[in-house]
Engineer: 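My structure is below; once you've seen it, I'll send some questions.
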Protein chains: 2
Amino acid sequence: MIQLTPAEESYLKAIYHISDGGKRSVSTNDISFQMKTKPASVSDMLRRLGEKEVIEYRKYYGVNITEEGKKLALQTIRKHRLWEVFLVEKLRFSWDEVHEVADELEHIKSKLLIQRLDEYLGFPKFDPHGDPIPDEYGDVRSRPRLTLSELDINATGQLVAVKDSSAAFLRYLDKVGAYIGARIKVLDKVEFDGSVEILVDNKKTIFMSKDVAGNVLVMV
Amino acid sequence: MIQLTPAEESYLKAIYHISDGGKRSVSTNDISFQMKTKPASVSDMLRRLGEKEVIEYRKYYGVNITEEGKKLALQTIRKHRLWEVFLVEKLRFSWDEVHEVADELEHIKSKLLIQRLDEYLGFPKFDPHGDPIPDEYGDVRSRPRLTLSELDINATGQLVAVKDSSAAFLRYLDKVGAYIGARIKVLDKVEFDGSVEILVDNKKTIFMSKDVAGNVLVMV
DNA sequence: ATTTATTTTTCGATTAGGCTAAAAAAGTTA
DNA sequence: TAACTTTTTTAGCCTAATCGAAAAATAAAT
């Protein structure tokens with residue numbers, strides 16, 4: 001079994017995400033931006049990840065994640081999201097507080113710990129942001145999702161995820177009264193600026209700009 | 001505020017324990033044994049911990065932990081023991097399985113996490129081995145404790161901790177039917193080998209050698 | 001098709017943590 | 001006190017992860 005260091009796990013996870021699950025190849029600069037490290041550091045890390053054969057690395061041409069790499073990335077993502085569920089559901093963290101802590105917790109190496117945590121949380125299938133939690137074997141149960149912008153007037157749905165899960169964006173959503181799990185209905189769409197008016201939980205009406213609505217994912 | 005690396009935290013915790021809470025000074029070899037690292041590595045670490053002024057380090061003469069060092073060590077111990085409670089009470093770990101995992105978890109750096117965990121666990125005062133959990137400020141509520149060997153015949157008490165919390169020893173105790181929290185009564189003490197016969201929870205009679213009984217702590 | 005700009009890599013350093021082998025200090029014994 | 005033993009430290013080297021500066025490769029623009 002390939003053993004990765006915590007830093008290697010983090011980089012691999014980032015590559016998995018940026019490549020959209022391995023669909024696209026990823027550049028050094030993109031990784032550098034995501035990881036908040038310098039390109040020089042990324043190059044070095046890519047060499048190491050290439051040697052461990054979790055990515056395919058052609059100098060100057062970006063990287064592609066291998067099948068083995070995907071499996072390992074999904075295991076890290078699984079751990080990350082299970083811890084997020086724990087933090088939100090058991091320790092009353094809000095969804096914009098969980099990221100950093102989960103980034104540390106995801107590197108704890110006990111297999112038993114994750115099994116028991118999963119069980120303790122009732123085998124959740126989605127994390128607090130609505131993203132699916134891979135199972136032990138890396139399989140994900142994904143839900144068909146649309147952005148709020150794509151919904152027609154009078155369409156209803158449930159807010160299940162956000163594309164941009166930055167703390168700032170999450171706080172903003174909370175502030176306007178939206179949250180993962182909220183039942184929503186599209187009341188109106190403004191043509192000229194792409195903004196939408198939605199009803200949250202049949203009681204509160206809020207407005208969202210085109211940019212915000214395009215980042216909110218809804219299950220119909 | 002002094003920031004310690006995970007390795008520094010571990011060494012400092014070891015020094016705190018070996019010195020019995022700062023009462024004795026500690027030798028390089030003792031630390032080396034406890035940490036399973038070479039004496040050369042310990043010397044190096046002591047230099048660093050000395051520079052950060054969490055220990056007082058006089059070359060060739062062992063180290064003493066400073067007041068600042070005690071505070072930091074107690075914070076790590078607090079985190080370690082809270083995680084142990086979590087693992088045992090919530091995730092159904094047995095007491096001999098918690099050590100390694102808690103050794104990793106204790107280095108997670110979120111203050112909010114520990115506050116919430118403490119609250120979630122109901123502000124426990126003792127860990128699964130019966131050792132006291134320091135509060136946020138490093139204060140410990142210790143219980144008067146005796147070793148099982150020190151009890152007289154017919155004395156009763158509650159098994160509250162073990163001196164040697166190695167996995168082997170904990171497994172052995174489990175096997176013979178003893179556990180933290182058990183009500184015990186001394187039925188007999190054998191003079192010539194120092195062994196004792198005890199009744200556990202008013203139903204099971206077990207024998208313990210002098211060595212074992214000397215490692216079991218009882219609250220009378 | 002050159003030149004210019006951008007991206008990526010390499011090189012040399014640094015810090016943290018570990019190791020081995022050798023030197024030095026302290027402790028013990030004759 | 002001298003010699004030997006044990007403990008501790010130093011010195012030099014290793015890996016992981018980072019950085020800045022410089023070089024190299026690719027991409028874009030004239």
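In what follows, chains are A, B, ... by sequence order, proteins preceding strands, each numbered from 1. We use all heavy atoms of the structure for the numbers below, so side chains are in, but hydrogens, waters and symmetry mates are not.
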Engineer: So, does A:S43 get its side chain near the phosphate of C:dT8, meaning an N or O under 4.0 Å from OP1 or OP2?
Structural biologist: no
Engineer: Could you state the CD-P distance from A:Q3 to D:dA16, rounded to the nearest angstrom?
Structural biologist: 13 Å
Engineer: With respect to the phosphate group of D:dT18, does any side-chain polar atom (N or O) of A:Y11 fall under 4.0 Å of OP1 or OP2?
Structural biologist: yes
Engineer: If you look at every strand shown and take non-hydrogen atoms under 4.0 Å, does A:T37 touch a base, only sugar-phosphate, or nothing?
Structural biologist: sugar-phosphate
Engineer: Tell me which nucleotide among C:dA26, D:dT26, C:dT8 gets nearest to the side chain of B:Y61.
Structural biologist: C:dA26
Engineer: Considering every strand and a 4.0 Å limit on heavy-atom distances, what is the contact class for B:D44: base, sugar-phosphate, or nothing?
Structural biologist: nothing
Engineer: Has A:K38 got a side-chain N or O lying under 4.0 Å from the OP1 or OP2 atom of D:dA21?
Structural biologist: no
Engineer: For a quick check of understanding: with a heavy-atom distance under 4.0 Å over all strands, which category does B:T28 fall into, base, sugar-phosphate or nothing?
Structural biologist: sugar-phosphate
Engineer: Among the candidates D:dA17, C:dT10, C:dT8, find the nucleotide nearest to the side-chain atoms of A:T5.
Structural biologist: D:dA17
Engineer: Can you find a side chain N or O atom of B:R47 that sits less than 4.0 Å from OP1 or OP2 on D:dT9?
Structural biologist: no
Engineer: Does B:A7 reach a base, just sugar-phosphate, or nothing at all? Heavy atoms under 4.0 Å.
Structural biologist: sugar-phosphate
Engineer: Please state how far atom OH in B:Y60 lies from atom P in D:dT6, giving the value in whole angstrom units.
Structural biologist: 17 Å
Engineer: For A:K52, is the NZ atom crowded, meaning more than 12 foreign heavy atoms sit under 6.0 Å from it?
Structural biologist: yes
Engineer: Atom CD1 of B:I31 and atom P of C:dG17: how far apart are they, to the nearest Å?
Structural biologist: 15 Å
Engineer: Rounded to the Å, how far apart are B:L46 CG and D:dT7 C1'?
Structural biologist: 13 Å
Engineer: On DNA chain D, does the nearest nucleotide to A:K59 precede the nearest nucleotide to A:E8 from the 5' side, or the other way round? Give the residue.
Structural biologist: A:E8
Engineer: Do B:R116's NZ or CZ and the ring of B:Y120 fall within the cation-pi criteria of under 6.0 Å and 45°?
Structural biologist: no
Engineer: Rounded to the Å, how far apart are A:M45 CE and C:dT10 P?
Structural biologist: 16 Å
Engineer: Could you tell me whether the phosphate oxygens of D:dT8, OP1 or OP2, come under 4.0 Å of any side-chain nitrogen or oxygen in B:Y57?
Structural biologist: no
Engineer: Whole-Å distance between D:dT8 P and B:M35 CE?
Structural biologist: 16 Å
Engineer: Check the phosphate of C:dT6 against A:N29, side-chain N and O only, distance under 4.0 Å to OP1 or OP2. Yes or no?
Structural biologist: no
Engineer: Can you confirm whether the side chains of A:S209 and A:D211 place a donor and an acceptor under 3.5 Å from each other?
Structural biologist: no
Engineer: Given side chains that start at C-beta, do those of B:K79 and B:E9 come closer than 4.5 Å, heavy atoms only?
Structural biologist: yes
Engineer: Calculate the interatomic distance between B:E51 atom CD and C:dG17 atom P; express it in whole Å.
Structural biologist: 12 Å
Engineer: Using a cut-off of 6.0 Å, state whether more than 12 heavy atoms not belonging to A:F123 lie near its atom CZ.
Structural biologist: yes
Engineer: Just the rounded figure in Å: distance from P of C:dA16 to CG of B:L49.
Structural biologist: 11 Å
Engineer: Using only side-chain N and O atoms of B:R48, determine if any of them is under 4.0 Å from OP1 or OP2 of C:dA16.
Structural biologist: no
Engineer: Do A:N29 and A:S27 get their side chains close enough for a donor-acceptor pair, meaning under 3.5 Å?
Structural biologist: no
Engineer: Counting only side-chain N and O atoms of A:S41, is one of them less than 4.0 Å from OP1 or OP2 of D:dA17?
Structural biologist: no
